[in-house]
Chemist: 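My questions will all concern the structure given below.
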Amino acid sequence: MSSPLPSLGTWARGLRTADVPHDVLRLARLQLAALAGSVRAGHATPAGATLAGGRPLTLGGADGAGLLAGLGALYGWDDYLLAGRTGVGAGPVALAHASGHTVEDLVLATVIGNEVGGRVGLALLLSPRHSRADTHATAAAAAAAAAWLAGRDGDGIARAIAGAVERGERLAPADIAASPEALGARPVRAAFDALSGGGKTDLLDEGSAFWAGLTDEPVHGAFGGLGSAWLTRTLVIKPYATAPWAGVAVEAVDEILRRHVKAADKRLRAEQVEKIELRVNFLTWAADAAGAGIGGTSPVANTWSLARAVGVLIARHSLSPADLTPDALTEKAADIEHVASRVEVVHDWSLSIAAVEGITRPLGATLAGRGPARLRQVRTRLKEAGGWPRWHADDLLPILQARPDRILRELRASPGDLGAVDLETFRWHLPVQVKLYTTRGGWWPERRALPRGSVPTGDLESIALARHGKDAALADASGAADSWVRELLS
């Protein structure tokens, strides 16, 4: 295959608004509007005010982009694509470049960031070090958007992406607990640093030493399909402040709470919760396991833990930055602890296989040749990284019934290029099964697989505009970007 970075840079430099499908441009607009709402909500909290240090949200430039990215990532109330949190990379860069640009420029830069960062993240799909892979995708998205807005040529864009990705760093749970804003601010800072000191354009080539520290199985087919396979279509805008992959489980609990209100004409109280069993897939289980190292008073201590996120949701009836401030948590501390102590997160192999099948079938074109031996090597690396659930003899039957061999046969026959994937019909599949038991002896079940904030559910736009919190028409504005960004962030 050709060298990915020069291809990405050339494609980005030549892209025009007219080349992008209308639905993709619309998604990027909604992504920016939702990001602005998340930034304002984060800024309104004590942690956000401290982070801002009196600086205006419309600061602009590298410092302004870093501030917006930090506030957007602070509580995990952001968005993600199929394999990367590109929104807190490309979005803040775009909003910080309002001066001298049009709204259309910022939207197009966001699309470019999504497509580039999403491909870097997808190439690291089989990495056991997901937090670091996530940072690389965010940095690539930010660098692509920044270099395009700065007017760099194709080679300059490629070198900026390389420099930002190379500057990426792994953020362990302790790092996230101490500085949750770093999930956005550090990759964005790496992107701006790369504008003045780019990297080598062979960084992402097959056989590059870059891959060695991240994954034994880079998905090189992820870099295909530029201009035809739009990763922006896999966008998920989270309705709640949660870790990526964990949102569906929280949404399932919220659906039970909604049904309870309809049936009993009142909300379920925390003291009425006897037990909540969350049977989850591997990705959701891994997100919750990663949160085990985040505690104390960190803003994300209650969003990366499924038990505590559900506790806040039931105690406060919502899960946004305003519900995660010290005062809000102190007010409902007893209720949150009561619920959290009754949440049991159980990994279910049948749900994991369903999730894998739901992802690999549409993405099989990028995973060509991954047979049992190569995937076992990935599993071994995951186990070494502490990211593999235990299994028992009782798990064997559902594993065999799911026929994982079918998936492997399909992978071996795949063409190996993202261009063969129909992302227009892609559906996220993160299945969970929830049972909420009450102290009265009853129980409420819920099964769910699609994130509410994804395109196929039809809820993405309403969730984005609700977080945006302003006139819906503002998301469709055009012309000079200065006034538009000021209105978004005010």
Side-chain angles (χ1 to χ4, degrees), residues 76-77 236-285 287-288 291 302-320 322-324 328-329 331-348 350-352 354-355 358 427-454 456-460 462-463 466-467:
W77 206 31
V236 176
I237 295 180
K238 294 184 285 185
Y240 310 106
T242 60
W245 321 117
V248 175
V250 175
E251 291 163 19
V253 174
D254 194 38
E255 178 58 29
I256 291 174
L257 300 181
R258 293 171 190 268
R259 296 206 323 259
H260 185 278
V261 170
K262 289 181 179 179
D265 200 28
K266 56 185 176 182
R267 285 173 169 156
L268 180 73
R269 299 192 306 276
E271 64 267 22
Q272 293 177 298
V273 175
E274 180 65 31
K275 178 185 175 182
I276 302 176
E277 180 183 89
L278 303 178
R279 300 191 70 82
V280 301
N281 61 81
F282 171 74
L283 290 172
T284 304
W285 177 88
D288 183 64
N302 295 281
T303 59
W304 282 62
S305 160
L306 272 176
R308 294 194 61 81
V310 169
V312 174
L313 178 67
I314 292 177
R316 293 194 55 83
H317 315 301
S318 63
L319 184 56
S320 70
D323 301 298
L324 298 167
L329 295 172
E331 180 187 8
K332 295 290 185 178
D335 288 345
I336 294 170
E337 293 300 329
H338 173 86
V339 174
S341 68
R342 284 160 172 76
V343 174
E344 181 183 7
V345 180
V346 180
H347 174 256
D348 188 310
S350 64
L351 297 179
S352 283
R427 286 176 169 266
W428 274 98
H429 199 69
L430 298 168
V432 300
Q433 297 175 5
V434 178
K435 290 182 179 178
L436 189 156
Y437 298 85
T438 69
T439 53
R440 294 187 175 184
W443 61 281
W444 300 71
E446 176 65 15
R447 294 171 179 247
R448 187 170 287 255
L450 298 180
R452 271 186 58 213
S454 59
T457 66
D459 291 333
L460 183 149
S462 62
I463 290 169
R467 191 195 300 176

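Position 1 is the first residue of the sequence; numbering continues from there.
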Chemist: Looking only at atom types and distance, does a side-chain atom of R467 sit under 3.5 Å from a main-chain N or O of K238, one as donor and one as acceptor?
Modeler: yes

Chemist: Evaluate the side-chain proximity of K435 to R279: yes if any heavy-atom separation is below 4.5 Å, no if none is.
Modeler: no

Chemist: Just to verify, which of I256, L257, V250 counts as forming a side-chain contact (heavy atoms from CB on, under 4.5 Å) with D254?
Modeler: L257

Chemist: Indicate whether any N or O donor in one side chain lies under 3.5 Å from an N or O acceptor in the other, for S318 and D323.
Modeler: yes

Chemist: Report the residue from L306, V339, V343, L278 that forms a side-chain contact (heavy atoms from CB on, under 4.5 Å) with V253.
Modeler: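 Answer after filtering L306, V339, V343, L278: L278.
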
Chemist: Would you call V280 and D288 a side-chain contact if the rule is heavy atoms closer than 4.5 Å?
Modeler: no

Chemist: On a heavy-atom basis, which atom in L430 and which in P451 lie closest, and how many Å separate them?
Modeler: CD1-CG, 4.4 Å

Chemist: What is the distance from atom CG of L436 to atom CZ of R342, rounded to the nearest 0.5 Å?
Modeler: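 Here the interatomic distance stands at 12.0 Å.
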
Chemist: Would you say the side-chain atoms of T303 pair up with the backbone N or O of T242, donor to acceptor, closer than 3.5 Å?
Modeler: no

Chemist: From the options W428, W304, W285, select the one residue that forms a ring pair (Phe, Tyr, Trp, His ring centres under 6.0 Å) with W245.
Modeler: W428

Chemist: Centre of W444's six-membered ring, under 6.0 Å away, within 45 degrees of the axis: is that where NZ or CZ of R259 sits?
Modeler: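 Judged by the rule (NZ or CZ under 6.0 Å from the ring centre, within 45° of its axis), R259 is not positioned above W444.
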
Chemist: A side-chain contact here means heavy atoms from C-beta on lying under 4.5 Å apart; do Q272 and R440 qualify?
Modeler: yes

Chemist: Please report the closest heavy-atom contact between H347 and S352, naming both atoms and the distance.
Modeler: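 Scanning both residues completely, I find the closest heavy atoms to be NE2-OG, 2.6 Å.
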
Chemist: Is the shortest side-chain heavy-atom distance between N302 and L329 below 4.5 Å?
Modeler: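 Of all side-chain heavy-atom pairs linking L329 with N302, at least one is under 4.5 Å.
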
Chemist: Rounded to the nearest 0.5 Å, what's the gap from OH on Y437 to CD on E344? Could you check?
Modeler: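 Result: 9.5 Å between the selected atoms.
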
Chemist: Do E446 and R448 touch side chain to side chain, with heavy atoms closer than 4.5 Å?
Modeler: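 Contact flag for E446/R448 side chains = yes.
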
Chemist: Would a 4.5 Å heavy-atom cut-off, applied to side chains only, mark W77 and S320 as touching?
Modeler: yes

Chemist: Would you mind reporting whether D348 and N281 have side-chain heavy atoms less than 4.5 Å apart?
Modeler: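 Heavy-atom side-chain distance check fails, nothing below 4.5 Å.
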
Chemist: Could you give the distance from CG (L351) to NE2 (H429), rounded to the nearest 0.5 Å?
Modeler: 8.5 Å

Chemist: Stepwise, does the side-chain contact (heavy atoms from CB on, under 4.5 Å) test hold for R452 with I463?
Modeler: CA-CA 8 Å; R452 271 186 58 213; I463 290 169; 3.9 Å; yes

Chemist: Please name the residue in the list L313, V312, I314 that meets the side-chain contact (heavy atoms from CB on, under 4.5 Å) test with I336.
Modeler: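 Among the candidates, only V312 passes.
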
